[in-house]
Amino acid sequence: MPALQPVRGTQDLLPDEQRRHRAVTDTARRIAERYGYHEIATPIFEFTEVFARPIGETSDIVTKEMYTFADRGGEEVTLRPEYTAGIVRAVISNGLTQSLPLRFFASGPMFRYERPQKGRFRQFHQIDVELIGLAQPQADVEVIALGADILDALGVLPRTVLELNTLGDIASRHAYRDALLAYYRERRALLSEDSLTRLERNPLRILDSKDEGDRRVNAEAPSFAEYLTPVAQGFFDAVRAGLDLLGISYRESPRLVRGLDYYCHTAFEFVTTDLGAQGTVLGGGRYDGLMGVMGGPETPGVGWAAGVERLALLIGEPPRAARPVAVIPVGDQGEAPALKLAHALRRDGFTVDLGYSGNLARRMKRANKIGARIAVILGEDEMARDAATLRDLDTGEQIEVPLAALRDRLAPFR
Ligand code: ATP
Ligand code: MG
């Protein structure tokens with residue numbers, strides 16, 4: 001049998017890497033709480049229709065990337081490729097539309113069948129925020145400000161640019177769609193295969209294409225700005241004014257369209273140049289049409305998702321694990337007291353390492369290797385005096401302490 005390997009596009013998060021991921025999600029959760037966002041978790045798999053319709057039948061996700069299978073009972077289910085549809089499904093299933101607005105934070109694994117490369121996996125993780133039930137542009141400003149604060153707390157904000165666009169309201173989208181159709185129809189010969197299939201169903205999607213030829217065509221494509229209705233223009237102006245007020249800088253990016261069908265008005269991405277082609281670390285927008293598409297009452301919403309792997313690549317050194325106290329018995333008589341002491345210290349809130357074998361020298365070596373801050377050495381002579389030796393592993397300083405005073409002496413190292 002060949003050595004067992006993880007499935008392509010999946011990876012183990014060994015403790016140092018997992019600590020980086022935790023730093024990202026813990027920071028995001030803490031800041032989201034300041035904004036009044038409460039954590040929610042929805043199932044990792046849902047009925048396929050929960051994702052297929054809302055995400056859009058012409059989208060990359062639905063046409064190529066979903067992990068869909070029939071379960072043993074014959075139900076068509078899909079591993080979630082993104083959070084928004086599941087959260088909106090949860091709002092509808094639980095009747096939460098009675099208590100709007102709702103502010104949610106979520107994090108967890110996502111699954112997309114993609115070509116794996118740096119910053120792109122088949123199982124990856126997202127943090128996600130959703131603000132459901134507010135139609136005002138201030139809501140868009142709020143979620144963008146929250147995203148910027150999280151990136152700032154992670155030290156990543158200065159290495160990103162916020163790109164901003166509007167997808168307008170339905171009337172502007174129709175007008176723009178017609179203009180795009182006319183433009184692309186004249187240039188059919190230059191478009192990729194994928195874009196030709198998108199052309200009649202959803203020409204806006206072509207703007208999002210990563211194909212080189214498509215991109216050249218897109219460079220000259222009509223811009224949405226010329227087709228905005230006064231209402232859509234007013235909404236966009238208010239979002240920009242809000243961002244200006246908060247000192248959040250942005251770059252208008254007329255070709256930015258989100259890959260998903262239910263977006264309207266604001267679309268945004270925080271992009272970095274530090275990750276090659278996988279430069280988008282956080283992306284989102286307004287999705288006023290989604291709840292209705294999913295069979296719930298028409299309810300506006302705005303939110304974003306960010307890739308934890310990409311953010312983890314951008315943050316500096318992972319925070320260190322807590323430095324343990326090493327409890328080291330000398331000789332057989334020390335074993336039982338060491339076990340008891342380690343147990344008591346752990347219950348007291350200390351991080352404790354207790355090796356179970358080796359002489360004093362070997363155990364000291366281990367204590368240094370795992371980065372212990374201090375060693376409690378239980379030698380025969382000291383124990384006869386109801387005492388232990390404390391050794392500061394950074395300075396090498398050593399003192400004898402009565403067992404009764406141990407806790408107090410260790411308190412600074414908890
Ligand atoms: P891309 O254009 O890079 O494919 P996307 O538009 O598909 O991104 P979204 O659906 O908006 O991405 O997801 C939000 C964020 O999740 C992305 O900005 C990115 O940081 C992260 N992300 C998306 N797909 C992957 C993946 N396969 N592996 C790792 N992170 C991902
Ligand atoms: Mg993608």
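Both counts, for ligands and for their atoms, begin at 1 and track the order of listing. Side-chain atoms are counted along with the backbone in the values below, which use heavy atoms only and exclude waters and symmetry mates.
- Listed by atom number, the atoms of ligand 1 under 4.0 Å from T280 heavy atoms are 17 (C), 18 (O), 19 (C), 20 (O).
- Nearest residue to atom 16 (O) of ligand 1 from M110, R310, E82, Q126 is Q126 (criterion: closest heavy atom).
- Y183 meets the ring-ring contact (aromatic ring centres under 6.0 Å, His included) test with no other residue; sequence neighbours excluded.
- The shortest N/O to N/O separation between G307 and ligand 1 falls below 3.5 Å.
- Proximity annotation for atom 10 (O) of ligand 1: of R112, E309, R115, R122, R112 comes nearest, heavy atoms only.
- Checked against side chain to side chain contact (heavy atoms under 4.5 Å, CB included), Q11 has the following partners two or more places apart in sequence or in another chain: L13, F121, E309.
- No donor-acceptor pair closer than 3.5 Å links the side chain of D214 to the backbone N or O of K210.
- Under the 6.0 Å distance and 45° angle rule, R240 counts as a cation-pi partner of F236.
- In terms of N/O distances under 3.5 Å, ligand 1 is not approached by I61.
- Centroid-to-centroid, the aromatic rings of Y227 and Y176 come within less than 6.0 Å.
- Assignment of R120 to the shell around ligand 1 is supported, since a heavy atom sits closer than 4.0 Å.
- Only the side chain of K210 comes within 4.0 Å of ligand 1, counting heavy atoms alone; its backbone N, CA, C and O stay farther away.
- T160 and T272 share no side-chain donor-acceptor pair at under 3.5 Å.
- Counting atoms of ligand 1 from 1 in the listed order, those under 4.0 Å from a heavy atom of E114 are 24 (N), 25 (C), 26 (C), 27 (N).
- Interface of A305 with ligand 1, defined as ligand atoms under 4.0 Å from a residue heavy atom, comprises 14 (C), 15 (C).
- Neither the backbone nor the side chain of E269 has a heavy atom within less than 4.0 Å of ligand 1.
- Only backbone heavy atoms of V281 (N, CA, C or O) come within less than 4.0 Å of ligand 1; its side chain stays farther off.
- At a threshold of 4.0 Å, the pair R20-E17 counts as salt-bridged, since one of the basic side-chain nitrogens sits closer than that to a carboxylate oxygen.
- In this structure a side-chain-to-backbone donor-acceptor pair under 3.5 Å is missing from D12 to L14.
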